[in-house]
2 protein chains.
Amino acid sequence: MSNVASLTVNEQRSLATRKLLVDAALDCLVDVGFSRTTGVEICRRAGVTRGALNHHYADLAELFVDALRSAYDMLLSPAPSGDMPHNCEGYLRLGYARVTQPEFKAIVELWLASRNDAEIGSQLAHAIADGSALFDPVRIVGQPEGDVEPEVAAACRTIQEALIGLGLGRAVSGAGEMAHERAVFGVLLELARGIDSRQRNDC
Amino acid sequence: MSNVASLTVNEQRSLATRKLLVDAALDCLVDVGFSRTTGVEICRRAGVTRGALNHHYADLAELFVDALRSAYDMLLSPAPSGDMPHNCEGYLRLGYARVTQPEFKAIVELWLASRNDAEIGSQLAHAIADGSALFDPVRIVGQPEGDVEPEVAAACRTIQEALIGLGLGRAVSGAGEMAHERAVFGVLLELARGIDSRQRNDC
DNA sequence: CATGATACATACATCAATGTATGTATGTTT
DNA sequence: AAACATACATACATTGATGTATGTATCATG
């Protein structure tokens with residue numbers, strides 16, 4: 001049922017078109033921001049007509065739900081795999097790899113749009129909540145059944161906020177690494193390693 | 001010349017109207033974001049007609065320059081006065097007081113708009129650069145003639161990015177303090193005090 | 001005080017985005 | 001294969017924002 005081969009031709013075409021629209025929407029958000037991410041512009045970039053957009057999504061808010069989930073998925077590609085340690089340093093490196101991707105700007109744009117537009121806000125609420133879980137320290141640092149120490153959680157949240165700051169800086173500057181980005185990463189790394197070593201000694 | 005009394009009636013009226021427009025623009029950015037911050041909406045909130053807007057500003061980008069500078073000024077109201085120590089802890093407390101003000105959202109909106117719209121970007125470049133100086137660790141921590149240690153600068157930049165993250169979180173959530181905001185502040189405070197105490201021992 | 005400049009308001013034309021209705025080709029089912 | 005559904009494209013009407021032109025009252029100045 002969920003196999004590609006088991007999909008009808010119509011279902012495959014639908015999925016392909018929706019992917020075109022979702023990718024175009026993200027492209028648009030990254031390129032020109034939310035205010036210029038209009039239905040016509042998305043369709044132009046997707047190479048489809050507005051009829052297709054209207055057929056698959058009642059309004060842009062619906063499309064943005066798919067787009068946000070897709071963006072979160074893209075940021076997940078550097079996943080917490082086996083080679084990434086389940087500690088604060090791993091949390092830092094993983095988060096850094098995420099916020100420095102261009103899709104992060106699309107996410108920020110949708111965060112703000114969600115706050116600025118009530119309709120978008122209500123429709124995106126679930127996707128945003130699900131996405132926030134990706135940053136949850138417990139997911140990254142915590143052991144499968146164990147909880148994380150409050151000190152570790154606080155450090156991870158601090159790392160998270162600093163990474164969001166760096167990501168926003170990149171999104172705004174447009175260029176790559178900011179001047180003090182390395183220095184900030186160094187401080188965060190020191191903070192993470194300090195917590196991690198203290199945790200090991202606790203056992 | 002710069003005295004209020006020395007201003008002509010016309011000049012006073014111009015200043016008052018421009019202030020109405022600037023305040024309305026900031027209100028609008030905070031309330032409904034950049035995409036809905038349109039000329040008509042600004043004038044509606046300011047209680048003037050579009051003729052007034054057009055008379056004082058050739059386009060919205062020009063108004064946004066004044067608005068951004070005004071927003072930065074508002075964030076400056078908790079200024080680095082005598083009671084705020086010139087160290088990392090002072091930098092943290094000062095920055096926190098700034099990013100938690102509602103005007104910070106308007107600044108973020110304009111940062112992104114500046115990146116998304118070439119015209120706005122070129123016109124806001126100077127104001128953004130001037131505003132970034134407000135976050136410059138040297139301005140807050142550094143002594144008048146002395147430079148700041150690289151370690152102090154790195155810590156301040158880290159604090160800055162984390163504060164921006166917290167500020168963005170507030171801007172997006174709309175509500176006040178986020179759940180982990182206190183915990184993050186605590187970690188940052190510990191970081192700042194660690195650096196400050198080490199600095200004192202260096203002398 | 002008369003003339004010009006300033007600070008707006010009003011009005012209209014334009015344009016881009018949207019909502020919606022309908023057309024059509026392809027796929028699906030019985 | 002006939003009837004129906006799906007996946008789009010096309011077309012039109014509407015709406016909101018903008019550019020711009022002009023009107024008008026107040027102010028400034030020789």
Side-chain angles (χ1 to χ4, degrees), chain A residues 1 4-25 27-29 31-64 66 109 113 116-120 123, chain B residues 1 3-25 27-29 31-64 66-67 109 113 116-120 123:
Chain A
M1 191 72 100
V4 171
S6 72
L7 295 177
T8 71
V9 173
N10 266 349
E11 285 169 335
Q12 292 181 31
R13 280 180 51 178
S14 282
L15 283 180
T17 302
R18 290 154 89 110
K19 177 165 170 48
L20 284 176
L21 287 168
V22 164
D23 289 348
D27 255 40
C28 211
L29 287 169
D31 263 23
V32 295
F34 174 75
S35 68
R36 291 187 172 180
T37 298
T38 158
V40 296
E41 179 63 17
I42 291 172
C43 292
R44 206 186 58 78
R45 291 174 184 246
V48 300
T49 64
R50 286 202 316 123
L53 171 60
N54 196 273
H55 178 70
H56 290 287
Y57 301 98
D59 50 19
L60 282 186
E62 274 189 20
L63 171 59
F64 288 148
D66 278 6
E109 295 275 357
N116 290 325
D117 184 298
E119 177 66 23
I120 294 178
Q123 296 216 36
Chain B
M1 187 75 97
N3 193 345
V4 171
S6 72
L7 294 178
T8 71
V9 173
N10 267 349
E11 286 168 335
Q12 292 180 32
R13 281 180 50 180
S14 282
L15 283 179
T17 301
R18 289 155 87 110
K19 176 166 170 48
L20 284 177
L21 287 168
V22 164
D23 289 348
D27 256 40
C28 211
L29 287 169
D31 265 22
V32 295
F34 173 77
S35 68
R36 290 187 174 179
T37 298
T38 159
V40 295
E41 178 63 17
I42 291 172
C43 291
R44 205 185 60 78
R45 291 173 183 246
V48 301
T49 63
R50 286 202 317 124
L53 171 60
N54 196 272
H55 178 70
H56 289 288
Y57 301 98
D59 50 21
L60 282 186
E62 273 188 20
L63 171 60
F64 288 148
D66 277 7
E109 294 275 357
N116 290 326
D117 185 296
E119 177 66 22
I120 294 179
Q123 296 216 37

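As the structure is a prediction and not an experimental result, all values here were calculated from the model. Below, read A as the first sequence line, B as the second, and so on, with proteins coming before strands; counting in each chain starts at 1.
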ask   = Does B/His55 put a side-chain nitrogen or oxygen below 4.0 Å from OP1 or OP2 of C/dC8?
value = no
request  = Please state how far atom CD in A/Glu119 lies from atom C1' in C/dT18, giving the value in whole angstrom units.
outcome  = 14 Å
task = State which residues pass salt bridge (charged side-chain N to carboxylate O under 4.0 Å, His left out) with A/Arg44; sequence neighbours excluded, sorted by chain then number.
result = A/Glu41
inquiry  = Which heavy atom of B/Val22 sits nearest to which heavy atom of B/Ala67, and what is that distance?
reply    = CG1-CA, 3.7 Å
inquiry  = It should be established whether A/His56 places a side-chain nitrogen or oxygen under 4.0 Å from OP1 or OP2 of nucleotide D/dC8.
reply    = yes
query = Quick one: side-chain hydrogen bond (donor to acceptor under 3.5 Å, both in side chains) partners of B/Asp31, sequence neighbours excluded?
reply = B/Arg45
inquiry  = Looking at B/Glu11 and B/Leu7, would you say the former's side chain and the latter's main chain have a donor-acceptor pair under 3.5 Å?
reply    = no
ask   = Nearest-Å distance, NZ (A/Lys19) to C1' (D/dC8)?
value = 20 Å
request  = Please state how far atom CG in B/Leu15 lies from atom P in C/dA7, giving the value in whole angstrom units.
outcome  = 10 Å
Restricting both atoms to N or O, compile the protein contacts to nucleotides 24-27 of chain D shorter than 3.5 Å, with distance only.
none

request  = Starting at atom CD of B/Glu41, determine the distance to atom P of D/dT18, rounded to an integer number of angstrom.
outcome  = 11 Å
request  = Only pairs at least two apart or in different chains count here, so list each ring-ring contact (aromatic ring centres under 6.0 Å, His included) that has a residue in residues 42-64 of chain B.
outcome  = B/Phe34-B/Phe64
query = Within a strict 4.5 Å, meaning less than it, do heavy atoms of the B/Ile120 and B/Asp59 side chains meet?
reply = no
query = Can you list, by residue number, the residues of residues 31-38 of chain A that have a non-hydrogen atom closer than 4.0 angstrom to DNA chain D?
reply = none
task = Verify, without hydrogens or angle tests, whether A/Asn10 (side chain) and A/Arg13 (backbone) share a donor-acceptor contact under 3.5 angstrom.
result = no
task = Quick one: label A/Leu60 by what it contacts on the DNA or RNA (base, sugar-phosphate, nothing), any heavy atom closer than 4.0 Å.
result = sugar-phosphate
query = So, do A/Glu109 and B/Asn116 sit near enough that their side-chain heavy atoms are less than 4.5 Å apart?
reply = yes
First encountered from the 5' end of DNA chain D, between B/Asn54 and A/Val48 = A/Val48
Sub-3.5 Å pairs of nitrogen or oxygen atoms, protein against nucleotides 13-16 of chain C:
none

query = Out of D/dT20, C/dA9, C/dA7, which has the shortest distance to the side chain of B/Ser14?
reply = C/dA7
ask   = Below 4.5 Å, heavy atoms only, C-beta onward: do A/Asp23 and A/Lys19 meet side chain to side chain?
value = yes
